[in-house]
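Have a look at the structure below, then the notes.
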Amino acid sequence: SCDQYAVELQPTVPNGTAVFCLNQRQLVELQPAAPNATTTVVFARHHRKQRLPTDRFAKTLTILPKPGGGEYGKFYSIPALNDPKIDKLPYCIRILLESAVRNYDNFQVTESDVQNIIDWEKTSPKLAEIPFKPARLVLMDNTGGPAVVDLAAIRDVIAELESDPKKINPLVPVDVVIDHSVRVDVAKCADALKQNMDLEFSRNKERFSFFKWASSAFNNMLVLPPGSGILHQVNLEYLSRVVFKADGVLYPDSVVGTDSHTTMINSLGVAGWGVGGIEAMAAMLGQPMSMVLPGVVGFKLTGKLQDGVTTTDLALTLTQMLRKHGVVGKFIEFHGEGVGSIPLPARATIANMTPEYGATMGFFPVDQVALDYLRLIGRSDETVSMIEAYLRANNMFVDCNEPQTGPVYSSDLELDLTTVEPSVAGPKRPHDRVPLKEMKSDWHACLGNEVGFKGYAVPKEQHNKIVKFDFHGQPAEITHGSVVLAAVCSSTNSSNPSVMIGAGLVAKKACELGLEVKPWVKTSLAPGSLVVTKYLEHSGLQEYLNHQGFHLVGYGCTTCIGNSGDLDKSLSDAIVDNDVVVVAVLSGNRNYEGRVHPLTRANYLASPPLVVAYALAGTVDIDFENEPIGIGKDGKEVYFKDVWPTNEEIEQVIKSNVLPKMFVDTYGSITEGNDAWNNLVVPKETLYPWDPKSTYIHKPAYLENITMTPPGPPSVKDAYCLLSLGDSITTDHISPSGVIKPGTPAAKYLLERGVKPENFTTYGSRRANDEIVVRGAFANIRIVNKLLEGEVGPKTVHVPTGEKHYVFDAAMKYKSEGHDMVILAGDEYGAGSSRDSAAKGPLLLGVKAVIAKGFERIHRSNLVGMGIIPLRFKAGEDADSLNLSGHECFTIDLPRKITEIRPGQDVTVTTQNGKSFTCTLCINTQVELEYFNHGGILPYLIRKLA
């Protein structure tokens, strides 16, 4: 790879001819300069081709004047390109265009890249490749932690290769928010927050010390300590710039993050999306992100939501529509007069759900609503004026008061907001929307349906069975559909005051009518920002939430990521002993099976006020329109309509209680930390002092024994199938975040190192240890592996012997025998979170390729980034149609020379019994091919920087 270095080829024979060979973004096979001559390649380090300060786009650098005199700064003017096609570009594509013009150097970003973006309407359908340089990165601890560990390990490797490790630093701002470690161990009491934070620090002291070391060891890295809030909401309320100003130059904010819900920032007109940690690493170290120029779906919104309908209902409706339309790899741009009626925090809920509808972005261009929000969260008038002036000057601002001649889109959708109705989604997928009025009948249908995304195969005669148990001396009972866990959590809705205030008002009305949540229902409140606590307390609504058991338990991603904590033992025993299908209702964004809690086989996404309502009802087996949710203090039946607030009631509370000072006070001190964080003592060394006894932080095996010679494409011959999987296998199935169960390979590893079972914590919190990542691969208790012929759980069959083993143990057996491994899968393989552990785990197991019907965007990229071959069955084919049982041995006919491989080419796969089929190689760009040749992004970066 010679894309960043001057290369001098010196012939070793007299009078030979010197050769200089450099081919932009393509691999070049170097030939000797003379017959029978050997060629020496001398790398002149850091002879990067200089940016061209004049030439092609210098004329677009323009002064942005202030209205009263002076200037805000200079900017690269898109209108100055004088191309009429730009006026037809979607606003989100204009941000990509500005980035290409600003970063143009005719090396990493070329004139043809700029022209491809201008010609987006023609080039996007042709899957044109472009480079993109985000302005900044955001990381959360579960997925960002491994990225920072990789960064520290790369320093070690650079030192081993006799280069300077201090040059390994982020080249763009990197913000780390520790928000995925807190668990709901304690709930329903006044000091739940303190107890949970104390437990969080006691369990994660090693991890937190590592993050604190990183914040001082690396330049350009800010780490926000535990208790600061959740990444997405902190990004929205504090970290976002909307418009950057650096060295006197103004440009649009853009961000990629190691959480797929980074898209929440799209609500503020900031281009941003989730990437895997390994792709983030490349961007962190100055490598342009190679991406296919996406299609853009224009989604026109008209009308206004009716009274009693929440933004969550709208988000679930849009998720269902967009999943049906098919938007994987696309940008969504919302427009139309209906957008103006949606407050920005409500837009944030819609943008947050982008991964659930499968898109890369769910983008709202900046308008007056966005500017008003910036003032609400404490941005100065000077800053807001600068943002507006820049965006207007660069044709990136939408003015709803002016006629919209507007962009052209790849395809179009439309929704009349007046048709949106109250809804939930579940019981196993976020895009399976259920209108609230149909919930009772849908639940009964799910109980009786065969096992699947909408089925549990419970015999009809058992639908109404009642299980009685003793709950701390009180008589208690549950049945199929009983709500045992109700969580108002931070991932999706807590940035939106309307639904948080709505939840408080439901609790208030219930208290006044004499209703109470049953004591065995585990309730919790985990907002994404300390601002939420301020306005709930200021309004007096937190008192009523407390009365219903929704005490503050933490500021972080709790129940939505599976950190829901244990249910009471008496309740757990009743569920397990009687095989009851119980329910969790949460205001998060994901409800995949086995994610929320091991015992809640049904999980429904709902707005925060609906979470409180279902907690009060105690069951989803209820018709809210016609059946009471309980009996009030006067003995009268209380109905849903009696506790549901009007939009006017909610707005009155918001106006007097959600105040700019709350944002200013919260974020003015956010970097100060807390006593537990500030008392952490951390190393001062440039190279991290790895502790061989640590079970949290471990130097990863995939960064060992790296030399300066790329290994080239791997061979796959007579590989056994490690797992044969169906559709919608999520990254939660591949690399779960939940609790490490006794008896599993990860648990055995921890026990051998003296860790007690009560301190096992979760797979998510231990992802910075590759030994846990490999043992946690495919450890989800609900995964369905066809090789097990109906048995559910994290095991597989060792094909040569027919023995059943945990997946880790089977893989180690195959490796010890010298066998390659592949995985067979259905459609939407790798859906869900952006965690790169779902690619690292299979790599460490020894998996060479995944052959699937279809891949989700981020996970496909992660597989390539770790050197695993992603192959897609041809249209109309899959493992079942080809009669692949998973007991075959597979050989993949892929050239061993990278110069003979093309992005998207056909690849032949044969089995030992002579069966042959053709797949598509899902490596999309030349840059990805280069990563693949090096064995992944990280070895590529090391060889480039050493």
Side-chain angles (χ1 to χ4, degrees), residues 230 232-233 236-237 261 263-268 299-322 332 334-357 362-364 367 369-370 372-373 376 415-425 430-431 433-436 488-506 527-529 532 535 560 585-590 604-613 644-651 653-655 658:
I230 193 169
H232 320 307
Q233 196 162 347
L236 185 71
E237 297 174 353
H261 296 101
T263 52
M264 191 167 181
I265 201 64
N266 300 161
S267 60
L268 198 52
F299 207 130
K300 184 177 182 180
L301 302 178
T302 62
K304 187 176 182 180
L305 294 176
Q306 297 188 66
D307 196 31
V309 177
T310 69
T311 311
T312 313
D313 303 322
L314 172 57
L316 296 178
T317 301
L318 293 171
T319 298
Q320 183 185 47
M321 292 180 67
L322 287 162
I332 313 300
F334 295 97
H335 65 100
E337 49 92 9
V339 172
S341 70
I342 304 175
L344 193 131
R347 298 177 186 180
T349 301
I350 296 167
N352 180 283
M353 292 288 287
T354 300
E356 281 62 60
Y357 43 81
F363 189 77
F364 291 83
D367 59 4
V369 173
D372 292 342
Y373 178 78
L376 171 67
L415 176 66
D416 179 355
L417 298 180
T418 63
T419 64
V420 178
E421 57 186 331
S423 304
V424 296
H431 54 279
R433 184 181 69 89
V434 184
L436 197 61
V488 176
C489 48
S490 59
S491 295
T492 308
N493 290 278
S494 75
S495 65
N496 186 355
S498 66
V499 291
M500 298 303 290
I501 295 293
L505 288 173
V506 170
S529 166
V532 178
Y535 66 66
C560 191
V585 183
L586 64 153
S587 64
N589 44 39
R590 289 195 171 137
Y604 285 92
L605 305 182
S607 65
L610 262 182
V611 171
V612 179
W644 198 256
T646 64
N647 289 3
E648 184 179 356
E649 288 176 292
I650 293 171
E651 282 303 313
V653 177
I654 289 175
K655 284 179 182 178
V658 182

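When a residue number appears, it is its place in the shown sequence, counting from 1.
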For [X], give me all partners under side-chain contact (heavy atoms from CB on, under 4.5 Å), at least two apart in sequence or on another chain.
X	value
Glu421	Ser423, Arg433, Pro435, Lys437
Ala348	Leu236, Met264, Ser267, Ser495
Pro422	Val309, Asp313, Leu436
Glu337	Thr302

* **Derivation and outcome, side chain to side chain contact (heavy atoms under 4.5 Å, CB included), residues Ile332 and Thr354** => CA-CA 9 Å; Ile332 313 300; Thr354 300; 5.7 Å; no

So does [Y] get a backbone contact from the side chain of [X], meaning a donor-acceptor N/O pair under 3.5 Å?
X	Y	result
Asn589	Met353	no
Gln233	Ser494	yes
Ser587	Ser607	no
Asn647	Gly308	yes

* Test log, rule side chain to side chain contact (heavy atoms under 4.5 Å, CB included), inputs Leu314 and Leu415 -> CA-CA 10 Å; Leu314 172 57; Leu415 176 66; 3.7 Å; yes

* Could you tell me whether the side chain of Phe364 reaches within less than 4.5 Å of the side chain of Val369, counting heavy atoms only? =>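 The answer is no, as the side chains (C-beta and beyond) never meet within the 4.5 Å cut-off.
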
From [X] atom [atom1] to [Y] atom [atom2], the distance as rounded to the nearest 0.5 Å:
X	Y	atom1	atom2	value
Ile650	Thr646	CD1	OG1	7.0 Å
Glu356	Arg590	CD	CZ	4.5 Å
Ile230	Cys560	CD1	SG	7.5 Å
Leu268	Glu237	CG	CD	10.5 Å
Asp416	Lys304	CG	NZ	13.5 Å
Leu505	Trp644	CG	CH2	10.5 Å

Do you know the tightest heavy-atom contact between [X] and [Y]?
X	Y	result
Pro608	Thr312	CD-OG1, 4.2 Å
Ala315	Thr349	CB-CG2, 4.0 Å
Pro645	Val506	CD-CG2, 3.7 Å
Pro345	Tyr373	CG-CE1, 3.9 Å
Ala606	Val585	CB-CG1, 3.9 Å
Gly588	Leu605	O-CD2, 3.7 Å

* To do: Please lay out, stage by stage, how Ile654 and Ser498 fare under the test side chain to side chain contact (heavy atoms under 4.5 Å, CB included).
  => CA-CA 7 Å; Ile654 289 175; Ser498 66; 4.0 Å; yes

* Asked: Among pairs that include at least one residue of residues 341-354, which meet salt bridge (Lys or Arg N to Asp or Glu O under 4.0 Å), considering only residues two or more places apart or in two chains?
  ->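 Every pair satisfying salt bridge (Lys or Arg N to Asp or Glu O under 4.0 Å) with a residue in residues 341-354: Arg347-Asp367.
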
* To do: Determine, stepwise, if the pair Thr492 / His261 fulfils side chain to side chain contact (heavy atoms under 4.5 Å, CB included).
  => CA-CA 9 Å; Thr492 308; His261 296 101; 5.8 Å; no

* **Phe299: partners by ring pair (Phe, Tyr, Trp, His ring centres under 6.0 Å), with sequence neighbours left out** =>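 Phe299 satisfies ring pair (Phe, Tyr, Trp, His ring centres under 6.0 Å) with Phe334 once adjacent residues are dropped.
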
